[in-house]
Amino acid sequence: MKYLKQFLIILAISLLGEVLKTILPLPIPASIYGMVFMFIFLLTGILKLDQVKETGKFLIEIMPVLFIPAGVGLMSSWDVLKPVLIPVSVITVITIFTVMAATGLISQIIIRRDKRKETL
């Protein structure tokens, strides 16, 4: 019963994101609105981590299974993707390395800043 309650809380927040997506004319996906709401609710204490923790862990564990429909969709769209495969592949590789580099640099800056604060 605990998992059902936690899942319903997560679904309610997702529904709130869907409603906001319908109301606001911004090009932001509803899932992003939902994640922002979840973050705000957890940050402000409106929602306690214990109220969604176990179901959140479960959803993260099964996340690879959730990508199967997207993979099947890509396979069924092969005729459309074939002409643009090389440009999309190049853009994907460049984006991966750019994100990795940016994440590494920002992590190093934060770690160095924390070490300086510890020494003071």
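Computed from a prediction, not measured in an experiment: that's the story for all the values here.
Of all non-hydrogen atoms in Pro27 and Lys21, the two that sit nearest each other are CA-NZ, 4.4 Å. Nearest heavy-atom pair across Glu61 and Pro64 is O-CD, 3.6 Å. Heavy-atom minimum distance, Gly73 versus Ser76: O-OG, 2.9 Å.
Note that OG of Ser14 and CG of Leu8 are 11.0 Å apart. Values are rounded to the nearest 0.5 Å. Atoms OG and CZ, from Ser107 and Arg112 in turn, are 11.0 Å apart once rounded to the nearest 0.5 Å. Rounding to the nearest 0.5 angstrom, the gap separating the CZ atom in Phe37 from the CD1 atom in Ile46 is 10.0 Å. The CD1 atom of Ile60 lies 11.5 Å from the CG atom of Leu66; values are rounded to the nearest 0.5 Å. How far NZ of Lys57 is from CD1 of Ile62: 15.5 Å, rounded to the nearest 0.5 Å.
Hydrophobic clustering of Ile, Leu, Val, Met, Phe, Trp and Tyr side chains at less than 4.5 Å, counting indirect connections, keeps Phe39 apart from Ile32. No single ILVMFWY cluster, assembled from side-chain heavy atoms under 4.5 Å apart, contains both Leu74 and Ile91. Placement of Met63 and Phe58 in two distinct hydrophobic clusters is found when ILVMFWY residues are connected by side-chain heavy-atom separations under 4.5 Å, directly or transitively. Transitive grouping of hydrophobic side chains (ILVMFWY, heavy atoms separated by less than 4.5 Å) keeps Leu43 and Met35 in distinct clusters. In terms of hydrophobic clustering, with Ile, Leu, Val, Met, Phe, Trp and Tyr side chains grouped at heavy-atom distances under 4.5 Å, Ile13 and Leu24 are assigned to a common cluster.
Using modelled atom types and a 3.5 Å distance limit, the side chains of Gln51 and Gln6 yield no donor-acceptor pair.
Residues Met38 and Leu47 have side chains in contact (heavy-atom distance under 4.5 Å, counting atoms from C-beta outward). By the 4.5 Å heavy-atom criterion applied to side chains, Thr92 and Val88 are counted as neighbours. Annotation: side chain of Tyr33 is not in contact with side chain of Leu16 (no heavy-atom distance under 4.5 Å).
Summarising the local packing, CZ of Phe7 is surrounded by 12 or fewer heavy atoms from other residues, nucleotides or ligands at distances under 6.0 Å. Other residues, nucleotides and ligands contribute at most 12 non-hydrogen atoms within 6.0 Å of the CD1 atom of Ile86.
A donor-acceptor pair is defined here as one N or O able to donate and one able to accept, closer than 3.5 Å; no such pair exists between the side chain of Thr55 and the backbone of Val52.
Between Gln108 and the choices Ile106, Ile111, Ile110, Leu105, the side chain to side chain contact (heavy atoms under 4.5 Å, CB included) rule is met once, by Leu105.
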